[in-house]
Amino acid sequence: LSGFLVGLLGERLVNSEKAELDVQSLGAKLSLIGLFFGCSLNAPCKQFNGSLCEFYSRFKKTSEHKDKLEIVFISSDQDQKHWQDFLQEMPWPALPFKDRHKKMKLWNKYKVTSIPSLVFVDAVTGKVVCRNGLLVVRDDPKGLEFPWGPKPFAEVVAGPLLRNNRQTTDSNSLEGHYVGVYFSAHWCPPCRSLTRVLVESYRIVKEMGQKFEIVFVSADRSEESFKQYFSEMPWLAVPYSDEARRSRLNRLYGIQGIPTLILLDTEGHMITRQGRVEVLNDPECRLFPWHPRPVLELSESNAVQLHEGPCLVLFVDAEEEGELEPAKELIQPIAEKLMAKYKAKEEETPLLFFVAGEDDMSDSLRDYTNLPEAAPLLTILDMSARAKYVRDVEEITPAVVEQFVSDFLAEKLKPEPI
């Protein structure tokens with residue numbers, strides 16, 4: 001247990017008494033760690049901290065699993081005094097204030113994009129058990145469902161589903177279908193524009209003879225707006241009144257923002273979380289069911305992925321679409337190998353791969369990250385850490401790329417600020 005945790009959290013944590021705590025002393029029975037990402041100056045974090053304190057003290061007093069859970073605070077505070085004051089309110093330990101590098105690594109590893117965030121991870125393997133701990137604290141205040149691990153989609157979605165003609169069908173009608181789980185709301189403009197595209201994609205895929213269904217999980221603020229929005233959709237929905245089921249689906253997929261379209265295969269296993277990007281990039285649905293591609297061509301619709309963790313971007317001297325192919329072929333085998341390695345460990349790949357030609361999107365990315373004009377240019381951009389790594393060499397070969405990637409993953413490269 002301890003060896004892995006030391007790798008994840010470092011050797012020492014601190015508590016509210018300013019005492020150092022040996023990570024190895026967290027307890028032999030420990031099976032779950034809740035990583036609480038937050039900041040003292042953020043009002044929702046302060047509010048959530050109150051609920052989490054209640055949850056934690058109740059769990060430690062009444063649960064038969066009380067020795068199996070610990071929470072660790074991962075702060076994004078810039079001011080040590082604010083951090084120290086916030087820590088006073090917490091009965092659990094925190095990563096030391098100075099340990100910025102370790103914090104950044106955890107933000108990236110667990111793809112945290114907003115705060116407060118509570119991610120439950122297995123204390124032995126570090127695998128994510130539940131990405132959306134905020135909902136656990138709200139929905140299971142007594143901790144009866146510990147350890148909150150993922151259940152099969154069929155079990156979580158079980159129950160009646162609505163059609164927009166007011167008829168219902170049972171969720172077991174989804175068996176043997178590819179399924180899109182669509183988290184969306186009428187009040188959100190990007191959701192409404194995605195819905196328009198998705199209606200067309202749904203029609204095309206159905207006409208191709210594929211067994212495909214979409215289930216709308218609403219984040220609308222009233223039953224009325226849910227009904228109005230759902231009337232535009234030709235697929236199924238979880239009833240608005242079934243808040244518990246909607247919440248369980250949010251929890252199952254760790255939804256941090258909308259619109260989100262999760263695509264599942266016919267067995268209910270996840271194909272991709274990036275359904276939105278895939279649908280927008282493939283209006284003719286040629287790539288359905290949208291398995292992740294190892295290398296993407298940078299475009300306006302997928303640029304959002306640059307903020308989801310470190311990305312390797314190979315900039316090349318290409319203005320026409322087809323000219324990017326050689327660059328793609330160069331890095332594809334390296335990307336495929338990395339994807340396969342992490343898939344075997346049931347983990348998300350730690351690096352996304354892009355090729356970028358000469359267009360407005362690439363220009364604005366170069367400007368924003370202050371990159372040299374050279375092409376070809378090999379870079380790794382880590383937006384959330386505001387760090388970049390640049391390899392400017394005469395010729396980019398597979399060996400150069402492979403070395404660059406392995407040095408980055410082994411933390412041998414020195415970052416420059418973005």
Side-chain angles (χ1 to χ4, degrees), residues 100-113 274 277 281 292-342 347-418:
R100 294 218 167 130
H101 176 67
K102 191 69 92 188
K103 289 180 199 170
M104 215 59 246
K105 264 185 75 178
L106 289 163
W107 280 74
N108 278 340
K109 181 176 174 67
Y110 295 110
K111 297 196 168 19
V112 176
T113 53
Q274 298 295 342
V277 170
N281 269 347
R293 281 162 291 158
V295 183
L296 295 170
E297 292 181 22
L298 186 66
S299 71
E300 214 150 296
S301 59
N302 63 28
V304 51
Q305 288 178 260
L306 292 170
H307 294 274
E308 294 190 358
C311 297
L312 179 140
V313 186
L314 173 56
F315 291 91
V316 290
D317 196 358
E319 288 180 28
E320 302 302 315
E321 264 190 17
E323 291 180 5
L324 286 170
E325 277 312 308
K328 245 164 134 175
E329 284 164 17
L330 175 79
I331 59 177
Q332 181 113 356
I334 297 155
E336 282 173 350
K337 202 160 109 185
L338 196 67
M339 260 173 120
K341 178 181 166 187
Y342 280 84
E347 289 179 31
E348 290 189 48
T349 173
L351 197 57
L352 297 175
F353 289 76
F354 288 87
V355 292
E358 288 180 285
D359 55 28
D360 294 348
M361 187 68 235
S362 301
D363 290 346
S364 60
L365 180 60
R366 279 184 190 256
D367 290 346
Y368 178 72
T369 52
N370 202 9
L371 288 170
E373 278 304 310
L377 183 69
L378 185 60
T379 65
I380 289 175
L381 305 176
D382 186 347
M383 298 300 205
S384 53
R386 300 194 66 76
K388 64 183 177 195
Y389 307 82
V390 183
R391 181 63 48 96
D392 188 2
V393 289
E394 281 299 299
E395 192 191 355
I396 290 170
T397 62
V400 167
V401 178
E402 199 139 11
Q403 190 63 53
F404 188 48
V405 168
S406 72
D407 286 351
F408 170 76
L409 294 175
E411 294 182 40
K412 291 180 182 170
L413 301 178
K414 193 170 162 17
E416 298 172 52
I418 284 182

To check you understand the geometry: which heavy-atom pair defines the closest contact between [X] and [Y], and what is its length?
{"X": "V316", "Y": "A327", "answer": "CG1-CB, 3.8 Å"}
{"X": "P310", "Y": "I380", "answer": "CB-CG2, 4.4 Å"}
{"X": "L330", "Y": "P398", "answer": "CD1-CD, 3.3 Å"}
{"X": "K388", "Y": "P417", "answer": "CE-O, 3.6 Å"}

Next item on the list: Apply side-chain contact (heavy atoms from CB on, under 4.5 Å) to P333 and list each qualifying residue two or more places apart in sequence or on a separate chain.
Entry: none

Item checked: Qualifying residues under side-chain contact (heavy atoms from CB on, under 4.5 Å), relative to A335, sequence neighbours excluded -> P294, V295, F353

Checklist line | Worked verdict on M104 versus S384 for side chain to side chain contact (heavy atoms under 4.5 Å, CB included) | finding: CA-CA 8 Å; M104 215 59 246; S384 53; 4.1 Å; yes

If you round to the nearest 0.5 Å, how far is [atom2] of [Y] from [atom1] of [X]?
{"X": "M339", "Y": "I334", "atom1": "CE", "atom2": "CD1", "answer": "14.5 Å"}
{"X": "H101", "Y": "L106", "atom1": "NE2", "atom2": "CG", "answer": "10.0 Å"}
{"X": "H307", "Y": "M383", "atom1": "NE2", "atom2": "CE", "answer": "5.0 Å"}
{"X": "S362", "Y": "L371", "atom1": "OG", "atom2": "CG", "answer": "10.5 Å"}
{"X": "L352", "Y": "Q274", "atom1": "CG", "atom2": "CD", "answer": "8.0 Å"}
{"X": "L312", "Y": "F354", "atom1": "CG", "atom2": "CZ", "answer": "10.0 Å"}

[X]: side chain to side chain donor-acceptor pair (under 3.5 Å) partners, not counting sequence neighbours:
{"X": "S406", "answer": "none"}
{"X": "Y368", "answer": "R386"}
{"X": "D407", "answer": "Q403"}
{"X": "E358", "answer": "none"}

[Y] side chain reached by [X] side chain, heavy atoms, under 4.5 Å:
{"X": "D317", "Y": "P376", "value": "no"}
{"X": "V393", "Y": "L378", "value": "no"}
{"X": "T369", "Y": "T379", "value": "no"}
{"X": "L314", "Y": "V401", "value": "no"}
{"X": "D382", "Y": "P415", "value": "no"}
{"X": "L298", "Y": "D359", "value": "no"}
{"X": "I418", "Y": "N370", "value": "no"}

For [X], check salt bridge (Lys or Arg N to Asp or Glu O under 4.0 Å) against everything at least two apart and list the hits.
{"X": "E411", "answer": "K105"}
{"X": "K328", "answer": "E297, E325"}
{"X": "R391", "answer": "none"}
{"X": "K337", "answer": "E402"}

Checklist line | N/O donor-acceptor pair under 3.5 Å between T349 side chain and Y342 backbone | finding: no

Next item on the list: Return yes when atom CD of E416 has more than 12 non-hydrogen atoms of other residues, nucleotides or ligands closer than 6.0 Å, and no otherwise.
Entry: yes

Notebook entry, point to check: Taking only residues two or more places apart in sequence or in another chain, which ones pass ring-ring contact (aromatic ring centres under 6.0 Å, His included) with Y389?
Noted result: F408

Note to self: Apply side chain to side chain contact (heavy atoms under 4.5 Å, CB included) to residues V313 and L306 and explain how you reach the verdict.
What the structure shows: CA-CA 9 Å; V313 186; L306 292 170; 4.2 Å; yes

Next item on the list: Sorted by first residue and then second, give each salt bridge (Lys or Arg N to Asp or Glu O under 4.0 Å) pair with at least one member in residues 361-374; sequence neighbours left out.
Entry: none

